[in-house]
Amino acid sequence: MSLANGRHYLAIPGPSVIPDPVLQAMHRPAPNIYTGELVELTHGLIPDLKTIAGTSGHVALYITNGHGLWEASLTNMISRGDKVLVCVTGNFGHGWADVAARLGANVEILDFGKQAPVDPARLEAALKADTAHEIKVVLATHVDTATSVRNDIASIRKAIDAAGHPAVFGVDSIASLGCDRFKMDAWGVDVMIAASQKGLMTPPGMGFVWFSEKARQEGMGNDLRTPYWDWETRAKPVHLYEYFDGTPPTHHLYGLRQAVTMILDEGLENVWARHETLARAYWAAIETWGQGGELRFNIADPAYRSHAVSTLSLGAGDGTRLRSWLTEHLGITLGISLGFGDIGSPEADGYFRIGHMGHINAHMVLGIIGAMETGFTALDIPHGEGGSVAAAKLLASRV
Ligand SMILES: *Cc1c(COP(=O)(O)O)cnc(C)c1O
């Protein structure tokens, strides 16, 4: 029997759950793009997007997904042949590095593996070795969505400063903005990217590049600037079409306005605390299950675990078995493994991910936890008893 009817729950690390008010805000006829409401709405988003990022710098808006943001940010930051140092902690770090290489950058990768955060001491040493200051840009991922590691961005900035290195510091916060604490200016980040479909709770299709005045000055005259990605006019538009170099993403803007209002009404501190508490409810269940079976956190140290996504391993093949069963029988879809072997291989099938970003609350998390326990039982996957009770206790202690 299938118990999957009713609202399906897509619990993957993006696209995330879209709130009903966001959907409703988008359900309208095409608006006037020359004057009126949409123009005011777009102007009004700019200060709020800066507040969410924690910056008084600039922001450029794009019609794009995260991959486009990698290119948008790089074409503004570097020229062909420039040296870029990429701190890699999973698939998404490799992704940004690959784009840099294909754009003609001289890419050096500092790989910290799939189960650990960036080690600031190693970065500091690499930067100190660059006595000629050839490295123009240092890149890091705040939360690598493949491994679910959460890097300590402030400590990476400290390493750059300790090396006395002038490189521009760019951070991919696509998986973490609106979920995990992020403070662009306080943490000394020069360039930051985030897309609409994760913590920002809006359908995929919009992306943002925040940049400091320092990054702007350093990037002037770069030879990779192309008309579409150039952040100069986008950050200082006079007319609405200049924000997007063409027709604006009309309905996305209405949705985003609603989502941003929801985040600011809840309060950033509360949004971050909610994500942390709900993540800890998952962690309590996972730890308990792991005591009687093979379920393991990919990131052992809670201090470096994302509050927006969890990557878990469950013995050969069982990750995919559990995922498929949950979709078919209980109406829940968890995330596939990424970067742990080829898709479809036994190694890859041993991993899966839970997305817990954006518009989620306690009963949604408890629903997934109960569903996972049901799946373990139905599929005879060994696990410790009492995961949902552990999560319930954690949540009860926090409200
Ligand atoms: C999702 C994600 C991306 C890629 O975004 P797409 O919209 O799928 O292109 C890049 N980096 C991180 C950290 C992500 O979580």
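Indexing begins at 1, ligand by ligand and atom by atom, following the structure's order. All values derive from a computational prediction rather than experimental measurement.
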Test side chain to side chain contact (heavy atoms under 4.5 Å, CB included) applied to Val168 and Gln217, Glu218, Arg216, Lys136, the passing residue: Glu218
Check: Asp144 N/O within less than 3.5 Å of ligand 1 N/O: no
Distance from atom 8 (O) of ligand 1 to nearest protein heavy atom, with residue and atom: His67 ND1, 4.0 Å
Where ligand 1 meets Gln197 - atom numbers and elements under 4.0 angstrom, heavy-atom basis: 6 (P), 7 (O)
Ligand 1-proximal atoms of Trp96, by part, heavy-atom distance under 4.0 Å: neither
Contact (N/O only, under 3.5 Å) between Thr141 and ligand 1: no
Which segment of Leu69 sits under 4.0 Å of ligand 1 when only heavy atoms are counted: neither
For Lys198, the ligand 1 atoms whose distance to one of its heavy atoms is below 4.0 Å: 1 (C), 2 (C), 3 (C), 14 (C), 15 (O)
Ala195, portion touching ligand 1 at heavy-atom distance under 4.0 Å: neither
Atom indices of ligand 1 within 4.0 angstrom of Val143 heavy atoms, with elements: 13 (C)
Basic-acidic side-chain contact under 4.0 Å: Glu124, Lys128: yes
N or O contact, Pro13 vs ligand 1, cut-off under 3.5 Å: no
Salt bridge present between Glu242 and Arg234 (N-O < 4.0 angstrom): no
Arg28/Glu37 salt bridge by N-O under 4.0 Å criterion: yes
Ligand 1 versus His142: contacting region, heavy-atom distance under 4.0 Å: neither
